[in-house]
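This report refers to the structure that appears directly beneath it.
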Amino acid sequence: MRPAQMYTVCLLALVLVYPTEGRGLSKLWSIIDVDLLNSSTNTNTDDPVTYLWPMPKKSSNGNTTVAVDPDLVLAMQGNGCYSSLVRDAFARYKQIILSHHVKFSNQSGARQAQYGIGRLIITVSSADETLQLGTDESYSLYVPAHTEGSIIQDAMLEAKTVYGALRGLETFSQLCVFNFMTKNVEIANAPWDIQDEPRFGFRGLLIDTSRHYQPVEIIKQIIEAMSYAKLNVLHWHIIDEESFPLEVPSYPELWKGSYTGWERYTLDDARDIVEFAKSRGINVMAEIDVPGHAESWGVGYPDLWPSVDCREPLDVSKNFTFEVIASMLADLRKIFSFGLFHLGGDEVHTDCWTNSPKIKEWLDEHNMTAYDGYEYFVLRAQELAITQGWTPVNWEETFNAFSERLNPNTVVHNWLGSGVCPRAVAKGFKCIFSNQGVWYLDHLDVPWEKVYSSDPLEGIADASQQQLVIGGEVCMWGETADASDIQQTIWPRAAAAAERLWSTEDDTSNGLSTALPRLRNFRCVLNQRGIAAAPVTNELAREPPIGAGSCYMQ
């Protein structure tokens, strides 16, 4: 227990340096004609919750508008009183919320306001900043209505952990809107009372840096956008057959498999990404896909290939193969603290093994078929990961092929189609939902409606089995996505899955018509925050607008 003084208020008046060009937050009614609003059958302006994404678990509101003081002050209470993670997040959000106010506040004609919200009090119960699967992300947020005779009132955010506080700050930021008429940041429909927590503990997005290299700054921008949608796991598919961009100190020739000497990640780069993600409440789950999808490994170490003419899967017959994997996992464990590690295991075609005389001889000596060799490789890789303290995650082929032999703690990652998670949880395995027909973002013909309507618990009625579905993940495979187009391919469709994973089943089952105006608004919020999210309604994802019009009607 911390000393008693830890429970006293830590008052931190933050003086920020604002950019000269602000990106203000504005709602639909702030910038387009009321007639246009009334003409849209897809816009429900009577419901203020329409403009929050993802939908909070429980909320109530009034009908008063309050102004936010441009000198908004943070006060912190509780055991987490001194958290720099929360203080830094408040500074970031304050800049987002108030950037337009600074731009206009000194102009002649700017109206003076009696500010209703001058302080945000954040109470964090725990000082523990450990971030893992299952970390409590719940929060409660109260924004009072300005009453006659009061000068300043406090908005209050309470959370058990710093990560719950981050989620609450995002919600608070979405309530704050710059009014172009009054030149003030305002919160409409106060008082607000929001009680919120996620439906699933694992809410992921996969990025693929093998098919196309993604610069570190682009990865950070993706992570930032993930925090806005309340996603909490970045699945980093670092390596594949096309390229090996990651530094592995134990085997320094491995990253000779990168496309060029400039398209690489040092371990310091990886550490920077993990720390940046943690500051946004996001875990990073790394993946090295074995034994298939590994041709790039042999550029630096040709002995890992079955032969120079047949280069994957990795050679199952050599101890050297597993020595490389073990050392790589030991190197990566120093960087990736998340409890889950992805070992791939998908699309393993064993022809190279049966066509290589030395490997065929080894299989025969061990009374194995090539199929048995695949099982042997996966199970041995699992043991190496478990030795490093990780829980192994494998693509569903491993479950489909030899579920009875998998480590019982294995997390099965669905991708091929529906029905896998129901079968996996029925056998006691945990499962991640990523059905390619609905949650693969590189499938450009999958519209947001299909993403939104898909549920990880589909086909699972038993409550105890439902608990084994830890969540879901949308996958941004990189064949046609590089730094020029990855953001508009991810967003806003990833946000559709994010709400499905955060909000209650009742809220996300109310129909697409109620979700559409909120998703359109959130897409515009992303644009205003510098994220290149594509229009919501597209024939194919990431297409530009088809003509002139409001962001909120695209």
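Each residue takes its place number in the sequence, starting with 1. From a predicted model like this one, the values you see are computed outputs, not experimental measurements.
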Closest heavy-atom contact between [X] and [Y]?
X      : Y      : result
Leu441 : Thr489 : O-CG2, 3.7 Å
Ile218 : Ala483 : CG1-CB, 3.9 Å
Val299 : Trp305 : N-CZ2, 3.6 Å
Asn414 : Trp395 : O-CZ3, 4.3 Å
Trp353 : Ala370 : CZ3-O, 3.7 Å
Val86  : Leu169 : O-CD1, 4.4 Å

Nearest-0.5 Å distance that lies between atom NE2 in His342 and atom OG1 in Thr391 = 13.0 Å
Separation of Arg529 CZ from Asn527 CG (nearest 0.5 Å) | 11.5 Å
Please assess Asp315 against Asp303 for the test side-chain contact (heavy atoms from CB on, under 4.5 Å), listing each intermediate value before the final yes or no.
-> CA-CA 8 Å; Asp315 191 336; Asp303 283 349; over 6 Å; no
Cys352: partners by disulfide bond (SG atoms under 2.5 Å apart), with sequence neighbours left out = Cys310
Does the pair Asp268 and Thr266 meet the rule for a side-chain hydrogen bond (donor to acceptor under 3.5 Å, both in side chains), with working shown?
-> CA-CA 5 Å; Asp268 284 339; Thr266 66; 5.0 Å; no
Name every donor-acceptor pair, under 3.5 Å, that has one atom in a side chain of residues 371-384 and the other anywhere in the protein, sequence neighbours excluded.
| from | atom 1 | to | atom 2 | distance (Å) |
| --- | --- | --- | --- | --- |
| Tyr371 | OH | Ala401 | O | 2.5 |
| Asp372 | OD2 | Thr369 | N | 2.9 |
| Asp372 | OD2 | Thr369 | OG1 | 3.1 |
| Tyr374 | OH | Gly345 | O | 2.7 |
| Glu375 | OE2 | Arg405 | NH1 | 2.5 |
| Tyr376 | OH | Arg380 | NH1 | 2.7 |
| Arg380 | NH2 | Asn319 | OD1 | 3.4 |
| Gln382 | OE1 | Asn407 | N | 3.2 |
| Gln382 | NE2 | Asn394 | OD1 | 2.8 |
| Gln382 | NE2 | Thr410 | OG1 | 2.9 |

Do [X] and [Y] have side-chain heavy atoms sitting under 4.5 Å apart?
X      : Y      : result
Leu205 : His235 : no
Pro245 : Glu263 : no
Tyr228 : Gln174 : no
His293 : His237 : no

Cation over ring face, Arg167 and Tyr163, 6.0 Å, 45° | no
Test applied, side-chain contact (heavy atoms from CB on, under 4.5 Å); reference residue, Trp297; option that passes from Arg311, Glu312, Met328 = Met328
Under 4.0 Å between a Lys/Arg side-chain N and an Asp/Glu carboxylate O for [X] and [Y]?
X      : Y      : result
Asp272 : Lys220 : yes
Arg199 : Asp455 : yes
Asp364 : Lys360 : yes

Compute whether any side-chain donor of one residue and acceptor of the other, for [X] and [Y], lie under 3.5 angstrom apart.
X      : Y      : answer
Thr508 : Glu499 : no
Asp482 : Ser484 : yes
Ser250 : Asp331 : yes
Asp128 : Ser126 : no

Where do Leu501 and Phe202 land on the side-chain contact (heavy atoms from CB on, under 4.5 Å) test, with the steps shown first?
-> CA-CA 8 Å; Leu501 292 166; Phe202 185 107; over 6 Å; no
Show the numbers, then the answer: is there a side-chain hydrogen bond (donor to acceptor under 3.5 Å, both in side chains) between Thr480 and Arg542?
-> CA-CA 11 Å; Thr480 65; Arg542 75 186 180 205; 3.2 Å; yes
More than 12 heavy atoms of other groups within 6.0 Å of Leu540 CG = yes
Would you find more than 12 non-hydrogen atoms of other residues, nucleotides or ligands less than 6.0 Å from Glu365 atom CD?
-> yes
List for me each residue that meets side-chain hydrogen bond (donor to acceptor under 3.5 Å, both in side chains) alongside Asp208, sequence neighbours excluded, and say none if there are none.
-> Arg211
Which residues satisfy the side-chain hydrogen bond (donor to acceptor under 3.5 Å, both in side chains) test with Ser418, sequence neighbours excluded?
-> none
With sequence neighbours excluded, residues passing salt bridge (Lys or Arg N to Asp or Glu O under 4.0 Å) with Arg523 = none
Could I get the full list of salt bridge (Lys or Arg N to Asp or Glu O under 4.0 Å) partners for Glu247, not counting sequence neighbours?
-> none
Apply side-chain hydrogen bond (donor to acceptor under 3.5 Å, both in side chains) to Lys230 and Thr171, showing your working.
-> CA-CA 10 Å; Lys230 297 187 172 75; Thr171 300; 3.0 Å; yes
Output field: ring centroids Trp236/Tyr265 closer than 6.0 Å = yes
Test side-chain hydrogen bond (donor to acceptor under 3.5 Å, both in side chains) applied to Thr504 and Asp506, step by step | CA-CA 5 Å; Thr504 67; Asp506 287 343; 5.4 Å; no
Working for ring-ring contact (aromatic ring centres under 6.0 Å, His included), residues Tyr213 and Tyr259 = CA-CA 8 Å; Tyr213 175 82; Tyr259 288 122; 8.8 Å; no
Please step through side-chain contact (heavy atoms from CB on, under 4.5 Å) for the pair Glu129 and Leu85, ending with a clear verdict.
-> CA-CA 9 Å; Glu129 296 188 355; Leu85 187 149; 4.1 Å; yes
